[in-house]
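See below for the structure under consideration.
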Amino acid sequence: MKYWLMKTEPSTFSIEDLARAPKRTTCWDGVRNFQARNMLRDDFAKGDLAFLYHSSCDVPGIVGVMKVSRPGYPDHTAFDPDHDHFDADSRREEPRWFMVDVTLERRFSRVIKLEMLRAHAARELAGMQLLRTGNRLSVMPLDEVHWKFILALE
DNA sequence: GCCAACGTTGGC
DNA sequence: GCCAACGTTGGC
């Protein structure tokens with residue numbers, strides 16, 4: 001089993017939205033970066049666990065845990081000309097973008113703030129992609145040791 | 001609102 | 001293949 005971190009802007013889609021969704025499940029659409037696409041398509045497996053991260057908000061940080069409930073499949077929002085995530089270069093016969101389904105496992109009792117993660121950047125969380133300057137991937141893998149350490153921060 | 005960092009695009 | 005221009009991300 002693998003571990004992931006997935007970013008979302010809560011003003012667009014938050015953990016509250018996921019908690020209210022049918023079966024607490026959503027398709028993770030709209031990823032339009034090739035490196036992230038490759039991971040969604042090739043590396044995500046059913047049963048993998050992912051941290052849900054709120055970005056571009058008052059208190060950026062990890063807010064809960066999700067489980068991958070369906071592995072990579074074509075992102076249909078790319079086919080819809082009326083959708084924000086439409087991409088004319090993605091065709092049904094040859095989809096360019098992929099997504100997974102995620103199901104909310106648990107909301108944290110408090111936000112594990114980015115600030116708190118940074119405090120451990122030089123030691124326990126050394127090498128964590130999220131903490132690398134300029135990292136803009138919205139989906140990234142996480143080491144098991146980092147996953148466990150972060151869980152203990154709650 | 002600012003700005004650093006990075007990905008993408010397109011001219012050559 | 002290079003690289004400048006541009007757009008986006010995302011913390012502050």
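In what follows, chains carry the letters A, B, and so on, assigned in the order in which the sequence lines appear, proteins first and then strands, with residues in each chain numbered from 1. Just so you know, these numbers come straight off a predicted model, no measurement behind them.
When heavy atoms are screened at a 4.0 angstrom cut-off, A/Arg132 is found touching no nucleic acid atom at all. Here A/Thr133 lies in heavy-atom contact (under 4.0 Å) with sugar-phosphate atoms only.
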Pairs under 3.5 angstrom only: tabulate donor-acceptor contacts from the side chains of residues 120-132 of chain A to other protein residues two or more places apart or in another chain.
from: A/His120; atom 1: ND1; to: A/Glu124; atom 2: OE1; distance (Å): 3.2

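Under a hydrophobic-cluster definition in which Ile, Leu, Val, Met, Phe, Trp and Tyr are linked whenever side-chain heavy atoms come within less than 4.5 Å, directly or via other members, A/Met99 and A/Met66 are assigned to different clusters.
Ring pair A/Phe34/A/Trp97 is tilted by interplanar angle, where 30° to 60° counts as tilted.
A donor-acceptor pair under 3.5 Å is absent between the side-chain atoms of A/Arg92 and the main chain of A/Phe79, judged by distance alone.
A/His54 is listed as a side-chain neighbour of A/Thr8, based on a closest heavy-atom distance under 4.5 Å.
Taking a heavy-atom distance under 4.0 Å as the criterion, the stretch of DNA chain C touched by chain A extends 5' to 3' from C/dG7 to C/dC12.
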